[in-house]
Amino acid sequence: MIPAPFDYAAPATVEEALALLAEHGDEAKVLAGGQSLLPVLRMRLNAPGMVVDISRIEGLKGITDERDSIRIGAGATYQDVLDSDLVTEHLGLLRSAVKEIADPQIRHRGTVCGALVHADPAGDVGAPVLALEGRMVVQGPDGEREVPASEFFVDLFETAVGEGELLTAVVLPKHTGWGSHYEKFVRVSHQWAIIGVAATVRAEGGTIAEARVGLTNMGATPLRASEVEQALVGLPATEEAVAQVCARAGEGTDPPSDLNGQADYRRHLAGVLTRRAVLTAAGA
Amino acid sequence: MQVDRDPQRVAAVRPPRRDQWQKLTLAARRDGTVTGLKVELLADMGAYLGLVTPGVPILGAFMYNAIYKFPAYHFTCTNVFTNKTWTDAYRGAGRPEATFAIERLMDELAAELGRDPLEVREQNWITHEEFPFTSVCGLEYDSGNYEAATARAKELFGYDELRAEQARRRESGDRVQLGIGVSTFTEMCGLAPSRVLGSLDYGAGGWESASVRMLPSGKVEVVTGASAHGQGHETAWSQIVADQLGVPFEDVEVLHGDTQVSPRGLDTYGSRSLVVGGQAVVQAAQRVVEKAKPLAAHLLEANVDDLEFSSGRFRVRGAGDDQEGIGLTDLALKVFTAHDLPDGMEPTLDADATFDPENFSFPHGTHLCAMEVDTETGQSRMRSYVSVDDVGNVVNPLIVDGQIHGGLVQGIAQALWEEAVYDDQGTLVSGSFVDYTLPTSADTISFVTDRTVSPATTNDLGAKGVGEAGAIASTPAVVNAVVDAVRPMGIHDIQMPCTPERVWRAIEDSRQGGSTPTEDSAQPHFTQDAPNQDDPGPDGPAGGTAYPQEGGRA
């Protein structure tokens with residue numbers, strides 16, 4: 001439970017952080033809230049020579065309004081998200097998912113961007129960010145680039161962030177007026193999601209005008225149920241109307257089988273929970 | 001009529017684990033009267049024998065007949081070594097396993113007969129007029145009142161109202177079904193009469209020791225061999241001594257936990273501390289009073305036989321209420337200075353006692369649990385839980401409540417969450433608290449607890465012990481409730497812990513016309529023939545379904 005020895009640096013700027021990453025190459029690991037990295041270090045699943053702590057970089061903190069979007073800096077904790085009026089007003093789905101993460105202690109430490117770049121398929125923020133069509137701001141030695149969420153998650157614990165790069169923010173288009181719900185299925189409260197369904201819906205007079213559905217832990221990466229989203233458009237927000245469409249949410253997925261559920265059970269749950277999440281999001 | 005139960009593998013924690021295959025055959029008349037019980041166990045010892053590893057199933061052997069008047073009883077057990085963590089005494093040690101099996105089976109008997117499970121139990125239990133009652137195992141149950149505990153539990157639970165709601169939900173085909181689980185448990189506590197342990201080849205006796213020392217300051221030191229690790233013995237023992245000697249509660253100091261201080265003792269286990277260790281404290285305190293009496297008589301210039309002791313003072317009987325008498329704490333100083341003692345008196349009031357119980361104590365209770373089962377996901381949620389326990393007289397109600405609440409969570413966790421899962425190679429795969437699904441307070445509800453009191457007759461306190469009650473009683477109550485919720489779907493059993501997936505699969509299998517309530521993967525321990533199986537039937541033994549799966553057959 002004691003990490004292997006490592007060097008530690010707490011740069012004050014993104015530039016300094018990038019210089020450290022360049023200098024130490026694959027020996028370097030980035031620390032933000034530490035809620036994933038520290039257990040990894042303590043269990044010695046990884047033993048980096050250099051830990052670059054970005055939590056003191058002022059420029060990465062904050063949640064800001066960028067006209068059509070909200071920018072969530074890499075230093076913003078889950079609790080910052082929950083406390084943000086911008087998120088509450090424009091990104092209900094993210095708020096709904098973050099509320100379900102672990103416990104208050106962890107939410108005060110862990111960061112949204114840290115979880116995204118850690119890319120645990122059972123993590124709760126990947127699916128909503130995917131469903132909300134977020135854009136990842138990645139900074140590296142050659143400057144800044146934006147990666148759409150749909151291209152960000154590459155595989156289990158693997159993202160488009162390359163060596164020497166830093167995820168500095170996620171930019172999420174405002175979904176003002178959309179109803180949202182994150183349905184997290186767990187056996188005990190402190191568990192990772194056995195599966196999760198992130199649904200956000202724009203309803204017009206009881207009819208679904210637009211819908212976004214993301215799935216947690218239904219594969220090696222967060223998934224988006226695009227076919228379900230399209231099929232929902234124009235349907236009345238009632239159980240009878242959406243049940244059949246939603247039941248297909250798990251089709252074609254390849255979720256894990258483990259102590260909490262075999263793959264077929266997870267696929268079944270995806271169908272049931274998508275229906276519930278969509279209906280709750282639609283206020284039905 | 002004969003009701004067969006499929007095997008229950010009981011697994012809880014590493015280390016220690018509970019791990020038994022239980023085959024129970026219950027014989028009953030069509031009117032519901034039980035006539036016999038046959039228990040065949042296959043008990044996993046693990047790779048080594050721990051302190052009482054083989055003793056766990058033996059202790060359980062006395063408890064399968066529980067509170068019921070079985071005229072005939074047969075018990076056999078085969079202990080096997082495996083390459084897993086050893087099993088050992090784990091809160092209840094054999095009694096939870098036995099209680100789980102019989103209480104599940106009584107629910108199945110009621111279901112087979114189409115009757116209320118409480119009614120069938122009442123038909124078969126020992127009535128309060130029948131105490132003391134010698135069980136079919138030869139144990140003498142000294143006291144109890146199952147009727148009183150059950151009546152109180154039903155009232156607190158709103159039993160009839162919940163049954164009515166259950167009927168409505170069944171009628172309407174509600175997605176969330178309601179199940180009601182019953183557990184009218186008893187246990188043998190106050191371990192243990194040394195002679196009984198000797199007859200079982202146990203390596204130690206069952207007595208407990210105490211010393212009570214009167215300090216010249218008037219304060220009292222109590223040494224106990226029943227060393228607490230958080231159960232609150234310091235508080236309860238101080239209460240006992242304060243009552244016995246009439247000294248202030250805060251003037252009593254309880255010493256334990258260091259063999260330099262308390263070299264003699266058999267410690268805390270088997271809900272024995274108050275029943276055996278507490279009684280030793282009572283007896284030591286009584287001896288202090290007896291030792292002080294001649295000195296009091298000497299100083300009061302009275303006859304020893306004319307003295308009475310109450311509220312910490314000796315007074316001359318019949319000499320009026322305004323007499324001052326002499327206090328025990330004053331005598332403690334007099335004895336210390338030893339300036340003026342009766343001829344031949346040894347200058348000390350300190351006393352030791354070692355108490356060896358002549359019988360066990362028999363706490364009991366009625367636990368009722370309501371579970372809501374989401375038939376789409378298999379997820380079970382506890383709606384309400386009522387426990388009415390009869391642990392005899394209570395020294396400290398807060399401590400007793402704490403023991404009950406903690407025990408309930410432990411037993412409920414076994415029913416719903418915790419499991420030591422091993423793969424085919426005997427490697428533990430639920431090796432973290434996340435995989436083991438250890439619950440926290442966020443996962444439990446507020447329990448309703450109450451007590452009835454029928455004092456134990458085998459110790460002066462009238463106490464029966466409470467350390468294991470909640471953990472023993474709650475597991476079958478919860479599993480019974482989950483099964484009850486889905487019983488109309490033709491489901492007779494769900495392997496515990498009743499995970500959402502297991503419940504869902506039971507429902508799915510039932511919908512597809514099958515009846516395999518326990519999937520093979522839930523029983524990774526035994527994939528070969530069960531060696532204590534003398535009548536495997538046409539289909540077994542094989543895999544995890546070695547025994548008949550029907551809930552009952554006439």
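Sequence lines set the chain letters: A, B, ... in the order given, protein chains first and strands last, and positions in each chain run from 1.
- Note that CG of A:N260 and OG1 of B:T437 are 7.0 Å apart. Values are rounded to the nearest 0.5 Å.
- Annotation: maximal heavy-atom pairing with chain B below 4.5 Å, among A:L269, A:D103, A:L273, A:D264, occurs at A:D264.
- Only the side chain of B:W504 comes within contact range of chain A, with heavy atoms under 4.5 Å apart.
- Residue B:R175 touches chain A through its side chain alone, counting heavy-atom pairs closer than 4.5 Å.
- Note on B:E501 versus A:R266: no salt bridge recorded, every NZ/NE/NH1/NH2 to OD/OE distance being 4.0 Å or above.
- Surrounding CZ of A:R202 are more than 12 heavy atoms belonging to other residues, nucleotides or ligands, all under 6.0 Å away.
- Side-chain N or O atoms of A:Y265 include none that pairs as donor or acceptor with a backbone N or O of B:R502 at under 3.5 Å.
- Around atom CD of A:E158, more than 12 heavy atoms belonging to other residues, nucleotides or ligands sit under 6.0 Å away.
- Taking the side chain as every heavy atom from C-beta outward, B:D435 and A:D258 never approach each other to under 4.5 Å.
- Summarising the local packing, CD1 of A:I2 is surrounded by 12 or fewer heavy atoms from other residues, nucleotides or ligands at distances under 6.0 Å.
- By the neighbour-count criterion of 12 heavy atoms within 6.0 Å, atom CZ of B:R170 is densely surrounded, having more than that number from other residues, nucleotides or ligands.
- Residues of residues 187-195 of chain A lying under 4.5 angstrom from chain B, judged on non-hydrogen atoms, are A:R187, A:V188, A:S189, A:H190, A:Q191, A:W192 by number.
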